Number of protein chains: 2
Amino acid sequence: MAQISEIDNLDRKILSMLMQDATRAYTDIAKELQVSGGTVHVRMKKLEDLGVIKGSHLFINPNAVGYDICAFIGIYLEKGSAYQTAVTKMRQVPEIVEMHYTTGQWSMFAKIICRDTLHLREVLNEKIQAIEGVERTETFISLEESITRQVSIL
Amino acid sequence: MAQISEIDNLDRKILSMLMQDATRAYTDIAKELQVSGGTVHVRMKKLEDLGVIKGSHLFINPNAVGYDICAFIGIYLEKGSAYQTAVTKMRQVPEIVEMHYTTGQWSMFAKIICRDTLHLREVLNEKIQAIEGVERTETFISLEESITRQVSIL
DNA sequence: GTTGAAAAGTGCTGCGA
DNA sequence: TCGCAGCACTTTTCAAC
């Protein structure tokens, strides 16, 4: 794992800019940070080699492709040992976009994206609750996503 | 808002590929989908104009920059009307990476990223619970993030 | 709407400081 | 280790289909 000491302020600034807009040109970043384009390139290569960079993703508006509902699901498992097989099954449910193994009342915690309430019920009843080891679920629907961003590294 | 009918299969395929890797060259995508580079460009321009594309982000490994803890916070507000001002204050807490207004037991639901347990306690006690209108919080620590992906649009 | 090619801009590499 | 300059590649545009 990369050590924090290997990442200096310039690295952090470059990363921050690309975390907001991954397609921004290196030359443009170089201009703003008053270094050469080559330097930005060398730093990015270093950060990639260190495994700091996981990848880049294009973000779309889920509404535009017909996904209106975002919900969180707390999942109770019958026994903790069911976790590994449950995760494998959950991976096959495309509506699940995030899944965590958590402390607290639930064993697992998922974020799902659905087209409408009908679709949500279908995913809950026929997909998630049908998975072996899942005892019971609790659903929280997001009425508004007021903040979405990445961790600040500056 | 863009209509689903305006987005065809080719658009969806292009988006899917870029959602996995935003820096992939259009020419490369064009080759795989057996169309010309110009077509990919035209489609992407259309999708941008329609507002389907929200942006692109570089993803980093939070561990590599010293962030080890991911937690979910359920927030009880004294009264619903405190929501708007609370959101404004929450926006100023950089550790909060996601915030939702939800149905169910809590008024708000947040995802936060912290360096360690000390940092988590600091964010909870001194930042989130200090916000006017926040009555009480419940914390769930993610021990493992087993799934992270975007909604499938194919 | 799509194509293919030309023009402009960007990423990459090696050399020099 | 950093910056500069040349080359290869990509993006972008546009006329023609």
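Heavy atoms only: backbone and side chains are in, while hydrogens, waters and symmetry mates are out. Please read all numbers here as calculations on a predicted model, not as lab measurements. First the proteins, then the strands, lettered A, B, ... as listed; each starts at 1.
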Please state how far atom [atom1] in [X] lies from atom [atom2] in [N], giving the value in whole angstrom units.
X	N	atom1	atom2	result
A:Asp8	D:dC2	CG	C1'	12 Å
B:Leu10	C:dT2	CG	P	7 Å
B:Asp11	C:dG1	CG	C1'	12 Å
B:Lys31	C:dG4	NZ	C1'	15 Å
B:Asn9	C:dT2	CG	C1'	17 Å
A:Lys46	C:dT13	NZ	C1'	19 Å

- Message: Please evaluate residues B:Glu32 and B:Arg24 with respect to the criterion salt bridge (charged side-chain N to carboxylate O under 4.0 Å, His left out), reporting the C-alpha separation (whole Å), side-chain torsions for both, the decisive distance (0.1 Å), and the verdict.
- Response: CA-CA 12 Å; B:Glu32 186 165 330; B:Arg24 194 157 176 199; 2.7 Å; yes

- Kindly state whether the ring of A:Trp106 and the ring of A:Phe140 have centres lying under 6.0 angstrom apart. yes

- Message: Would you say the rings of B:Tyr76 and B:Phe109 are close, in the sense that their centroids are separated by under 6.0 Å?
- Response: no

- Query: Counting only side-chain N and O atoms of B:Arg43, is one of them less than 4.0 Å from OP1 or OP2 of C:dG1?
  - Reply: no

- Message: Would you say B:Thr39 places a side-chain N or O within less than 4.0 Å of OP1 or OP2 belonging to C:dT3?
- Response: yes

- Please state whether the rings of A:Tyr101 and A:Tyr83 are parallel, tilted or perpendicular, taking 30° and 60° as the class boundaries. tilted

- Query: Within the side chain of B:Arg149, is there an N or O that forms a donor-acceptor pair under 3.5 Å with the backbone of A:Arg91?
  - Reply: yes

- Side chains of A:Gln129 and A:Thr137: do they bring a donor and an acceptor to under 3.5 Å? yes

Could you run down the sub-3.5 Å N/O contacts of the protein with nucleotides 11-13 of chain D?
from   : atom 1 : to      : atom 2 : distance (Å)
D:dT11 : OP1    : B:Tyr26 : N      : 3.0
D:dT11 : OP2    : B:Tyr26 : N      : 2.9
D:dT11 : OP2    : B:Thr27 : N      : 3.3
D:dT12 : OP2    : B:His41 : NE2    : 3.1
D:dT12 : O5'    : B:His41 : NE2    : 3.2

